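All figures in this text were calculated on a predicted structure; none of them were measured in a lab. Chain letters run A, B, ... following the sequence lines, proteins first and then strands; every chain starts at 1.
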Amino acid sequence: MSPSFGRGAMTNSWSDLKNAEVFLIAGSNCAENHPIAMKWINRAKENGAKIIVVDPRFTRTASKADIFAQIRPGTDIAYLGAIINYIIEQKLYDQKYVLNYTNALLKVSTDYKLEDGLFSGYDAKTRKYGTASWGYQLGPDKKPLKAESIEDPDSVFSKLKAHYSRYTFDTAEKISGIPAAKIKEIADVFCKGKPASILYALGMTQHTTGVQGIRAYAIIQLLLGNIGKAGGGINALRGEPNVQGSTDMANLVSNLPGYLPHPINTDKTLRDYLVRNGSFFEKHIVAQLKAWFGENATKDNDYGFSLLPKTNPAVNATMVKLFEMMNKEQFKLLFNVGSNSLVSIPDRQLVRSALTKLDMLVVSDLFEIETAQFWREPGVNPADIKTEVIMFPAAFVYEKAGSMSNSSRWIQWKDAALEPLGESLPDLDMLDHLFKKIRKLYAGSTDVKDAPILKARWDYGEHTSALKVLQELSGYDETTGKLLPTIGDYLKAPIGTASTGCWIYAGVTGNGNLAARRNNADPSGLGLFKDWSFAWPGNVRILYNRASCDEAGQPVDAKRKLIWWDEAAKVWAGNDGGDLVDKTKGPDTPEGKLSFRMNPEGVGRLFAATYMSGLPAEAPADGLPAIGIRPAGICVDGPLPEFYEPTESPTTNILHPEVSISPCALVVSTQIGKSDKFPHVLTTYGVVEHFCAGGITRNIPWLNEIMPEPFAEISKNLAAKIKVVEGDMVEVSSARGKITVRALVTDRLQSYKVNGKDTETIGMPWSWGFASLSPGPSTNEITIAALDPGAGTPEYKVCLVDIRRAN
Amino acid sequence: MDVSRRGFFKLSGLSIAALAAGLGFDPAVAEAKGYALKLEGTKKIPSICHFCSGGCGMLLYVKEGKLIHLEGDPDHPTNEGTLCPKAASLLSVANSPDRVTKPRRRAPGADKWEDISWEEALDIVAKKTKEVRDASWKVADQIVNAKTGLTESLTVNRVEGIAFLGSAEVDNEESYLIKKFCQLIGTPYNEHQARI
Ligand code: SF4
């Protein structure tokens, strides 16, 4: 989402779902995986909202739908493209919104093109794009040229129109298996309801084109004017309890906390970093360095910028790739805190082999998960495995104080309710003790490499205090040592005088611990609850809510007023906190016009152009490269979503057979299957009783009773063809392996036609492994490790398999 | 952080109603008694569900240091007292006999674990971190400059031999310290399951 809107987070909140008039739920079985969403969707439904569900299976969510469409896994962009085409052809878009709050009028570089499935700038050798031609035509002031009207052939809007003119309903039917009439019905119903909400989860992201699928959602919602509004938005239903928070804290190789870009090897100085990333980040990276190095970060030493490690951007070290590097013996020591890769990584042989290459594996978890005991998986001889394993007993969530950020970006605090069981300890304590021990080992060293450890500010008390850590995130006035009251105070502070460990959390404990607030009043009735806990950024509950107002700053939807310009008081007022640069800058000022202030253009991006704002017209006199303000977020695989077949596909791409699959997908698996041997499409999913890799839920007796073992769900047609009945054991095989499970014969899956050919989807849950109270075969034995080139997300949702009766 | 009494009754009323369906007697009385006995002397502590990203509010009932009951927090605006089945099962995690409660070590080639003390475990890991860090320290990347064709040495000060997988299941403060820890010891190779 960040290439479209500027931030990668769910735009609205759970309780806001009740404001929607229509839902498109595609890529999420929220009735099972996010039951709380269903509660609020049902409330909207009681008020007459329509529900559209698109899914490879007739799920429990689908049973609530007004319209259900069964789709071939991995073909979302085909039908979404057809909807975009229809919106443009039939002029169903919100004209004012498109003109004022998107980049529709900006002129695209004349070098940009798409030919036979490849965008301009493709390098077949590296399988990567050079993105220079995806920019705008710039004026002498280095700003994008604006067309007079959307009809201008160079405008973003015209490019969009031309691009999707190829996506007719008929083409979309051939690709996706959804009848053309059904796609038209979805388009009609979705475009009619205002506001309209889109919900997705892993069903949308776990593809080699995952990022582009979300971009297609963004384009639809920008065209219809549904972003920034109560009841609208794109709601990414994140999988885990704190996945928003762990992403905010950047447990990701490419970022530092608060979505700051990670320094790379060409960033010799802080200045180089800013040339690459824009001056917007100066305040934030300096505040972070102050939080980490305190008085050892000064203006004279570049605020300690040299103390940070620099990555090599040529090396892609995202999650699955990390195991590939491990398997090539790069890592000797792996810390594994709270995840179970041996079950959760696709084509899991890679993980099994990689772990044996380590000197030491350090695990911290509640239970003895599969990853911790990989050395005694059935069929493995422990004597052959030289990896030393240390396991720390982790405290359970209720045995420790701390905060978690839910999908609505609410940072919610909880006190410790229990003493940790036995000798278990929170990971926070473990890290604190460990760091202090390591620092002792380096005491007295004058080696440059040891400076970051010795110069660090690291003081969380005798008994590690989570509140002290949260206060470090919230931020200090470094001249007084006092907490900064609000994010506004942080933003006002001169560079170098404030610290925060994660700037988007600034102010969370500035006036008491706001994350612990429990006032559930909702005077607007819109489900904003703005005195309950604290939402980043700055307690804004609906992101981009400036776009809910017209040019004069007044709400477009009188029933759902979020913010408005109060002319008498000369300030933005409202039921929600304003997502604005400055609350005192009116709708006629440049700042007050910005609907998407995190984007360099200040508007939503239909076309994900390359662009850096704020570059000076003349090169700087000192001969140094100029520093702009903010770069646009781009998608490495193209500025507009284009349909590509999954890496393992039962057919060929009819739009461009020569470039059938994503030309940028990162294929890690070495064994790739073809449809002659593996004719069926496998898709994986979760069940309500088990959670992710099952490390916790498979140790809970009564969940195991309800859902004791994995299965393969197949259509009646397929069952008849391979001569099995429900409950029979079947062997499901792919190019990478095979597993034997029970067959579940249902109506929830139907045979369908793809490019004229009969096709079957097989569904399998994946939460099992060899350990726990309830062991079972891991579906990731057979899935494919093929990754989205931008996000690194594996294509769990599609691979090719064969199935037969097991004896 | 106390929970309103009224809110609490609102909830218990709800759960009784749910159980009442088809029982054929007035469950309100029977239930209320059992409920009251079980919860007598407990401390009610509000908390957050630990499964999906809903962030539903929970009330934990704790007596003598033990979690004896949990239910949806009726004051929480997202779930208004409801909980889905996964959440309701968190109770058994707190008291599970299968939890690991002591640090352990599996020696190279061994076929079983041995219990060790925290002190020992931390010492082993700290020493190993130093050893791998010192041995795999990289001062500079050698990169061919595309324009000049010359090899440049770019300072990186990075550890190549240590990776750290964090988690979307730990608290914000823990995720943050994981990142800070990694950056201070010099490894950028910190990932977690957000992208998978
Ligand atoms: S109670 Fe259910 S819906 Fe709510 S956060 Fe927990 S798992 Fe999610």
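- Expressed to the nearest 0.5 Å, how far CG of D73(B) lies from CZ of R518(A) amounts to 4.5 Å.
- R106(B) places no side-chain N or O within 3.5 Å of a backbone atom of M391(A) that could act as its donor or acceptor partner.
- Scanning all heavy atoms of the two residues, the minimum distance from Y398(A) to C49(B) falls at OH-CA, 3.7 Å.
- Rounding to the nearest 0.5 angstrom, the gap separating the CE atom in M319(A) from the CG atom in N190(B) is 10.5 Å.
- Between the E169(B) side chain and the S339(A) main chain, no donor and acceptor come within less than 3.5 Å of each other.
- No side-chain donor from either of N242(A) and D171(B) sits under 3.5 Å from a side-chain acceptor of the other.
- When each of K127(B), K112(B), R133(B) is scored by its heavy-atom pairs under 4.5 Å with chain A, the top score falls to R133(B).
- K268(A) touches chain B through its side chain: at least one heavy atom from C-beta onward sits under 4.5 Å away, while N, CA, C and O do not.
- Salt bridge E399(A)/R99(B): present, at least one basic N to carboxylate O contact under 4.0 Å.
- Here the straight-line distance linking atom CG of D75(B) with atom CH2 of W532(A) works out to 6.0 Å at 0.5 Å rounding.
- Between chain A and the options N172(B), D98(B), L184(B), D123(B), the largest number of non-hydrogen pairs under 4.5 Å is found for N172(B).
- Contacts with chain A were tallied for D141(B), V62(B), V170(B), L83(B); D141(B) has the most, counting heavy-atom pairs under 4.5 Å.
- Distance alone, capped at 3.5 Å, is enough to place a donor-acceptor pair between the K39(A) side chain and the N79(B) backbone.
- Ranked by heavy-atom pairs shorter than 4.5 Å toward chain A, the options S47(B), G54(B), A87(B), G57(B) are led by G54(B).
- For Y505(A) and Y176(B), the ring centers sit 6.0 Å or farther from each other.
- Both the backbone and the side chain of L434(A) come within less than 4.5 Å of a heavy atom of chain B.
- Heavy atoms only, all atoms of each residue included: R158(B) and T311(A) are closest at NH1-C, 3.5 Å.
- A distance-only check finds a donor-acceptor pair linking the side chain of H192(B) to the backbone of N251(A) [under 3.5 Å].
- A salt bridge does not link E131(B) to K332(A): none of the charged nitrogens lies less than 4.0 Å from a carboxylate oxygen.
- At a 4.5 Å heavy-atom cutoff, the contact between F435(A) and chain B is made by backbone and side-chain atoms alike.
- When heavy atoms are compared at a cutoff of 4.5 Å, A314(A) does not approach chain B at all.
- If you measure heavy-atom distances from D384(A) to chain B, you find no contacts under 4.5 Å at all.
- Sparse packing is recorded around CD of E64(B), with 12 or fewer heavy atoms of other residues, nucleotides or ligands lying under 6.0 Å away.
- Proximity to chain B (any heavy atom under 4.5 Å) is shown, for W292(A), by both the backbone and the side chain.
- Distance check, rounded to the nearest 0.5 Å: CG of L418(A) to CD1 of I45(B) gives 7.0 Å.
- Counting only distance, with no hydrogens or angles, the side chain of E174(B) and the backbone of L428(A) share a donor-acceptor pair below 3.5 Å.
- Taking the side chain as every heavy atom from C-beta outward, P77(B) and D522(A) never approach each other to under 4.5 Å.
- When atom types are taken as modelled, the side chain of N520(A) and the backbone of H76(B) share no donor-acceptor pair closer than 3.5 angstrom.
- The shortest side-chain heavy-atom distance between P103(B) and P393(A) falls under the 4.5 Å cut-off.
- Panel note: side chain K179(B), backbone A250(A); a donor-acceptor pair is recorded below 3.5 Å.
- Distance CD/E160(B) to CZ/F331(A): 7.5 Å, rounded to 0.5 Å.
- The minimum heavy-atom distance between E191(B) and L322(A), with the atom names listed, is CB-CD2, 4.2 Å.
- Classification of R376(A) and D111(B) as a salt-bridged pair fails, no side-chain N sitting under 4.0 Å from a carboxylate O.
- The nearest pair of heavy atoms linking W375(A) to A110(B) is CE3-O, 3.8 Å.
- Contact annotation for L333(A): both backbone and side-chain heavy atoms come within less than 4.5 Å of a heavy atom of chain B.
- For a residue to count as touching a neighbouring chain, one of its non-hydrogen atoms must lie under 4.5 Å from one of that chain's; by this rule L425(A) touches chain B with backbone and side chain alike.
- No side-chain heavy atom of Q193(B) sits less than 4.5 Å from a side-chain heavy atom of N340(A).
- With chain A as the partner, the residue from V100(B), V132(B), V139(B) showing the most heavy-atom pairs under 4.5 Å is V100(B).
- For P263(A), no part lies under 4.5 angstrom from a heavy atom of chain B.
- Counting heavy atoms of neighbouring residues, nucleotides and ligands inside a 6.0 Å radius, atom CD of E152(B) exceeds 12 of them.
- Only the side chain of I143(B) comes within less than 4.5 Å of a heavy atom of chain A; its backbone N, CA, C and O stay farther away.
- Taking CZ of F335(A) as the start and CD1 of I185(B) as the end, the distance is 6.0 Å to the nearest 0.5 Å.
- Residue contact with chain B, scored on non-hydrogen atoms closer than 4.5 Å, involves the backbone and the side chain of L256(A) alike.
- If you measure heavy-atom distances from V125(B) to chain A, the contacts under 4.5 Å come from both the backbone and the side chain.
- For N95(B), no part lies under 4.5 angstrom from a heavy atom of chain A.
- Other residues, nucleotides and ligands place no more than 12 heavy atoms under 6.0 Å from the NZ atom of K102(B).
- Annotation for A466(A) and E173(B): closest pair O-CG, 3.3 Å, computed over non-hydrogen atoms.
- Counting heavy-atom pairs under 4.5 Å between each of L60(B), I48(B), I178(B) and chain A puts I48(B) at the top.
- With a 4.5 angstrom heavy-atom cutoff, M10(A) does not touch chain B via any of its atoms.
- Contacts of Q244(A) with chain B are absent, with no heavy-atom separation under 4.5 Å from either backbone or side chain.
- Interface residue L177(B): backbone and side-chain heavy atoms are both found under 4.5 Å from chain A.
- For S96(B) against L421(A), the heavy-atom pair with the smallest separation is O-CD2, 4.0 Å.
- A donor-acceptor pair shorter than 3.5 Å cannot be found between the side chains of S175(B) and S246(A).
- Of the N and O atoms on the side chains of S306(A) and N157(B), not one donor lies less than 3.5 Å from an acceptor on the other residue.
- A donor-acceptor pair is defined here as one N or O able to donate and one able to accept, closer than 3.5 Å; no such pair exists between the side chain of T101(B) and the backbone of G422(A).
- Under the side chain to side chain donor-acceptor pair (under 3.5 Å) criterion, K43(B) pairs with no residue, sequence neighbours left out.
- Residue contact with chain A, scored on non-hydrogen atoms closer than 4.5 Å, is absent for K138(B).
- With a 4.5 angstrom heavy-atom cutoff, A394(A) touches chain B only via backbone atoms.
- Inter-residue side-chain proximity for L308(A) and Q183(B) is flagged as met; some heavy-atom pair is nearer than 4.5 Å.
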